[in-house]
Amino acid sequence: MAILAINGGERLIPPNTVKPWPPIDDVDRQYVMASLENPNHTFGPNCQKLQEEFGAWNGNKFVIATNSGTGALHMAVAAVGCGAGDHVLVTAYSWSSSATCILHHNAIPVFVDVDYDTMNIDPRKIEAAITPQTKAIIVVHLHGLAVDMDAVMAVARKRNLMVIEDACQAHGATFKGRKVGTFGHCAAFSLNANKCLCGGEGGLFVTNDEEIHKKALQVWSFGETRTPSQERDYHAYALGWMYRNDDLGAAFARAQLTKLDGYIARQRENARVFMDELKGVEGFTLPVQPAGHEHNWYNLNLRIVPECFGLDPKPDGGENSAKISTWRDRILKALEAEGVHTFMWQRFILPAMTVFQAKNAYGHGCPWTLPYTGPVDYDVHQFPMAQAHTDRHLCFAIPLRAPNGKDVAKLTAQGIRKVFDNIKELDLQRNPPR
Ligand SMILES: *Cc1c(COP(=O)(O)O)cnc(C)c1O
């Protein structure tokens, strides 16, 4: 038996083994320096080219480069025709802006629990959440695993819902061989530095629908009605925001786009090596990749199995959940002591976040108090699967990304194996959580 590093044993992974994301090389330097030397530093030629190149890469007719994925999501909510007080369905477990983008347009999120295997919205639970006010649904391809878009589009067609894909984490993920961002009426990608395509900050709105593209453009830039190539008349035709990006960030993103296929291939290879190394280790489950879905492995999540620690596995959101997550904290610290890069991705399910519980985004309880809307219920007990996942997960990202290779992926898995093979040393049972 090895002594865990947290108990004074030798650390398994030496410092500086894991290299940071994203890798930077001369391609990036050339693109960014060329942009710097060009006099157009606002929405310039690199922004235009990024739109064309991403559209060609992903298979979208229309692309709008934005200053964030969140901005692109707000544009999507507006562009599919959601208005004040309308209800928009969204998964109960994601990044906050998958749901706050709905509030940004004065519409109201209605949460749907996740499927416990995939962590994505459970398509079987969508219909029951539809209200007379429901206009649209936002599906999130979480951690880079595509949602079952056949099931979602079938419900959407039957119930006349607009479909927005939050693909901020899912560049290159496919469902039945087709890339995400091409299934719904429109989609949003992020170019934030953590995401698979890095522009520092930034985003991309994509659609194949000309009308939706026009509406999104208006929201994007001051309510003007023009395309970037048309002359401006400096008139606000409707309520707009300022979601344009800048040329330097777009140049960086273009350089990274030339390497994106290689990055995704690396993530897939590293994920395979990592999971192979962890087969048969007890104490957690490995993520699933259902047939027809090809993950991009933006994040890879393990899930603690509470039975292994003598706890009732029922995801009840109650006392057991609190215990499981406290024990998870201690496992996390033991992993960190071995030099394993790991973190908790989300500590709260979305409906539990104060912005929703308070039901007062704009003052006077708006938009929930609008006279022509209907009631929504944010009782967190409606989302036991999302809660169970939140409490149990451990997230891995950087060791599985370029420039890190199979050696780092394997070493990271060995660090995890060491902690779980020697979990008795953590005395989880005898030292109950404080
Ligand atoms: C990162 C992220 C966003 C927001 O993207 P930004 O570019 O940071 O605004 C939205 N949804 C999901 C699922 C994300 O991971």
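The first residue of the sequence shown is numbered 1, and numbering continues consecutively from there. We count ligands from 1, going down the list as the structure has it; atoms in each ligand are counted the same way. Heavy-atom basis, side chains included; hydrogens, waters and symmetry copies ignored. Note that this is a predicted model, so its numbers are computed, not measured.
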Under the criterion side chain to side chain contact (heavy atoms under 4.5 Å, CB included), I'd like the reasoning laid out for Asp247 against Asn40: C-alpha separation, chi angles, the key distance, then a yes or no.
CA-CA 7 Å; Asp247 202 69; Asn40 192 347; 5.8 Å; no
Pairs flagged by side-chain hydrogen bond (donor to acceptor under 3.5 Å, both in side chains) wherever residues 350-360 is involved - sequence neighbours left out
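As it turns out, there is no side-chain hydrogen bond (donor to acceptor under 3.5 Å, both in side chains) pair with a partner in residues 350-360 once direct neighbours are skipped.
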Of the protein's non-hydrogen atoms, which lies at the shortest distance from [atom], and what is that distance?
{"atom": "atom 2 (C) of ligand 1", "value": "Lys195 NZ, 2.6 Å"}
{"atom": "atom 9 (O) of ligand 1", "value": "Thr70 OG1, 2.6 Å"}
{"atom": "atom 11 (N) of ligand 1", "value": "Asp166 OD2, 2.7 Å"}

Could you list the atoms of ligand 1 found under 4.0 angstrom from a heavy atom of [X]?
{"X": "Ser98", "value": "11 (N), 13 (C)"}
{"X": "Val140", "value": "13 (C)"}
{"X": "Gly202", "value": "7 (O)"}
{"X": "Ser97", "value": "3 (C), 4 (C), 10 (C)"}
{"X": "Ser94", "value": "13 (C)"}

Using the test side chain to side chain contact (heavy atoms under 4.5 Å, CB included), find all partners of Phe284 that sit at least two apart in sequence or belong to another chain.
Leu278, Val281, Leu286, Leu302, Ile416, Phe420
Is there a nitrogen or oxygen of Asn192 sitting under 3.5 Å from a nitrogen or oxygen of ligand 1?
no
Side chain or backbone, does Leu142 bring an N or O within less than 3.5 Å of an N or O on ligand 1?
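By distance alone, the answer is no.
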Take the angle between the ring planes of Trp95 and Trp345 and call it parallel below 30°, perpendicular above 60°, tilted in between.
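Trp95 vs Trp345 ring planes: tilted.
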Among Lys410, Arg401, Lys406, exactly one meets salt bridge (Lys or Arg N to Asp or Glu O under 4.0 Å) together with Glu269. Which residue is that?
Lys406
Roughly how far, to the nearest 0.5 Å, is the CD1 atom of Ile108 from the SG atom of Cys366?
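Result: 9.0 Å between the selected atoms.
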Decide whether Glu201 and Asn192 meet the rule of one side-chain donor and one side-chain acceptor closer than 3.5 Å.
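Side-chain D/A pair, Glu201 to Asn192: present.
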